[in-house]
Every structure is written in C-alpha cells, then in structure tokens.
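For clarity, every value in this text was computed on a predicted model and none was experimentally measured.
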Amino acid sequence: MRSSILGWIVICCMGVASLCPAESPEDNAPTGALRITGKFVRSITLESVGTEEVNTDGTLEVPTGSHQIRKITLENGWTAYPYQLVDIKAGQTTDVKLGGPLKQKITANRQGGYLNLDHSVEGVCGKQYRNGDNPPAFTIYKGDTKVHSGKFAYG
C-alpha cells in the first residue's frame with residue numbers, strides 16, 4: 001500500500017511503515033530563472049506556483065511556461081499587485097523590472113476651502129506599492145501652527 005504525504009511515500013508492508021522521499025512530476029520539470037531587477041524584494045507570488053522567497057541576487061527558479069505575477073513583497077513589508085505575465089524558457093533567465101527603490105508622489109489640489117491630498121508610492125516600474133500595516137501620515141501647518149494631521153487611506 002502506498003500513499004503520498006507531503007512529498008514522502010509511506011510504504012506499508014506487513015504492518016511496518018517506512019518513509020521514503022517522493023519524486024513528484026515537478027521535480028523533473030524543466031525550469032528557468034526569473035530575475036527581479038529592482039531592489040529589496042523578499043518574495044514573489046506567481047499564480048501558478050504560489051509564494052516563493054527570492055534569492056539575495058534577485059533570482060528564483062521557476063517551471064517553464066507562462067506565469068502571472070500576482071504579488072511582490074519587499075523587505076520592509078511594502079507590497080504591489082502587478083498582475084504581470086512572464087514567459088519562462090528552459091535554461092534561460094527572464095528579467096522583470098519590479099521592486100525598489102520606492103518613490104513617493106504627493107499631489108495637492110485646492111477645491112474652494114478644502115485641500116485634497118493624494119499620495120502614492122511607486123517602484124522602479126511605476127507600479128504602486130502599499131503598506132497596509134503602516135500607512136503614510138501627514139501634517140499640515142500654516143506657518144508654525146499645526147492645522148491638521150492624518151493618515152492616507154488606500155484606494
């Protein structure tokens with residue numbers, strides 16, 4: 001009797017069970033390298049593979065074929081959702097421009113007695129990043145007097 005348990009094969013013979021490493025079909029599948037050319041990338045989520053840690057040189061091995069990049073997470077917790085399609089070829093390296101450094105953009109527009117502030121944080125490819133645990137804050141002064149402060153909301 002055989003059954004696969006998390007990459008291991010359990011073989012039962014006359015009441016004695018032994019564990020042997022299983023060889024999944026993906027183990028022999030051709031792969032290529034995906035290289036993130038931006039900085040500070042910790043992990044990437046591919047729709048067909050799941051979330052993978054990125055090596056310190058910005059690369060990771062990926063099965064060949066087309067993959068959609070769903071999410072990228074930087075070392076400081078900032079994330080982006082690029083929904084970018086990449087095609088990985090066997091034995092080749094595919095470069096993707098994602099990650100940092102991040103650049104802040106703030107615009108202010110006056111509408112009557114109101115001041116509308118918009119804030120965005122963009123990576124090297126122009127994709128917007130966000131940090132839901134620690135949204136950016138602002139303070140408005142008129143001269144030396146604090147007029148208003150708050151946090152930017154996403155969306």
Side-chain angles (χ1 to χ4, degrees), residues 1-13 16-109 115-140 149-155:
M1 177 173 102
R2 288 183 164 207
S3 64
S4 180
I5 299 176
L6 300 174
W8 289 81
I9 298 288
V10 178
I11 301 173
C12 294
C13 184
V16 178
S18 62
L19 289 176
C20 302
E23 198 173 299
S24 67
E26 295 86 30
D27 291 342
N28 296 325
T31 62
L34 177 62
R35 179 173 43 212
I36 310 300
T37 60
K39 297 181 180 180
F40 316 117
V41 178
R42 181 177 65 207
S43 67
I44 189 168
T45 303
L46 301 173
E47 184 175 49
S48 54
V49 177
T51 301
E52 296 286 331
E53 296 294 317
V54 175
N55 297 325
T56 54
D57 64 355
T59 64
L60 67 147
E61 284 294 311
V62 178
T64 59
S66 292
H67 302 278
Q68 187 177 59
I69 300 173
R70 303 287 281 179
K71 180 180 177 183
I72 188 160
T73 304
L74 304 184
E75 293 170 358
N76 59 5
W78 286 81
T79 58
Y81 301 88
Y83 298 102
Q84 183 174 341
L85 196 63
V86 292
D87 190 36
I88 306 298
K89 293 185 172 75
Q92 295 183 10
T93 299
T94 302
D95 289 341
V96 177
K97 192 174 185 179
L98 291 169
L102 301 179
K103 180 174 32 172
Q104 292 190 68
K105 285 187 173 184
I106 299 174
T107 57
N109 296 309
L115 182 63
N116 292 323
L117 298 175
D118 287 318
H119 177 267
S120 65
V121 177
E122 293 181 359
V124 293
C125 66
K127 299 289 183 188
Q128 288 194 1
Y129 284 76
R130 58 181 64 187
N131 188 339
D133 294 337
N134 190 15
F138 65 91
T139 303
I140 300 172
S149 65
K151 292 190 176 200
F152 287 100
Y154 293 112

Quiz item: So, do Lys105 and His119 sit near enough that their side-chain heavy atoms are less than 4.5 Å apart?
Solution: no

Quiz prompt | Atom pair OG1/CD1 of Thr93 and Ile88 - distance to nearest 0.5 Å | solution = 9.0 Å

Quiz prompt | Check: Leu102 and Leu74 side chains under 4.5 Å, non-hydrogen atoms | solution = yes

Quiz item: Taking all non-hydrogen atoms of both residues, which atom of Pro136 and which atom of Trp78 are closest, and how far apart?
Solution: CG-CH2, 4.3 Å

Exercise. Find out whether Thr94 and Val62 are in side-chain contact, i.e. whether some heavy atom of one side chain is under 4.5 Å from a heavy atom of the other.
Key: no

Quiz item: Taking all atoms of both residues into account, what is the closest heavy-atom pair of Leu115 and Ala108, and its distance?
Solution: CD1-CB, 4.0 Å

Quiz item: So, are Lys89 and Asp87 salt-bridged, with charged N and O less than 4.0 Å apart?
Solution: yes

Self-check item: Student check: side-chain heavy atoms of Ile140 and Leu117 closer than 4.5 Å
Solution: yes

Quiz prompt | Considering all heavy atoms, the nearest Ser66-Ser48 contact | solution = O-OG, 4.4 Å

Quiz item: Where do Glu61 and Thr31 come nearest, in terms of heavy atoms and distance?
Solution: OE1-OG1, 2.8 Å

Quiz item: Looking only at heavy atoms, which two atoms of Thr139 and Ser149 are closest? And how far apart?
Solution: OG1-CB, 3.6 Å

Quiz item: Under 4.5 Å between any side-chain heavy atoms of Tyr81 and Arg70, yes or no?
Solution: no

Self-check item: Any side-chain heavy-atom pair of Leu98 and Val41 under 4.5 Å
Solution: no

Quiz prompt | Contacts of type side chain to side chain donor-acceptor pair (under 3.5 Å), residue Asn116, not counting sequence neighbours | solution = Gln111

Exercise. Mind listing the closest non-hydrogen atom pair of Phe40 and Pro101 along with its distance?
Key: CE1-CA, 4.0 Å

Quiz prompt | Backbone of Asp57 reached by a side-chain donor or acceptor of Asn55 within 3.5 Å | solution = no

Self-check item: Any Glu52 side-chain heavy atom under 4.5 Å of Leu46 side chain
Solution: no

Quiz item: Are Gln68 and Gln84 close enough, and set up right, to give a side-chain contact (heavy atoms from CB on, under 4.5 Å), and what steps lead you there?
Solution: CA-CA 5 Å; Gln68 187 177 59; Gln84 183 174 341; over 6 Å; no

Exercise. For Leu34 and Ile44, run side-chain contact (heavy atoms from CB on, under 4.5 Å): C-alpha distance rounded to whole Å, both residues' side-chain angles, the deciding distance at 0.1 Å, then the answer.
Key: CA-CA 10 Å; Leu34 177 62; Ile44 189 168; 4.0 Å; yes

Quiz item: Tell me, do Val121 and Arg130 make a side-chain contact under 4.5 Å, heavy atoms counted?
Solution: no

Quiz prompt | Criterion side-chain contact (heavy atoms from CB on, under 4.5 Å) against Ile69, the qualifying member of Val96, Leu85, Thr45 | solution = Val96

Quiz item: Once you round to the nearest 0.5 Å, how far does CG of Asp95 lie from CZ of Arg35?
Solution: 4.0 Å

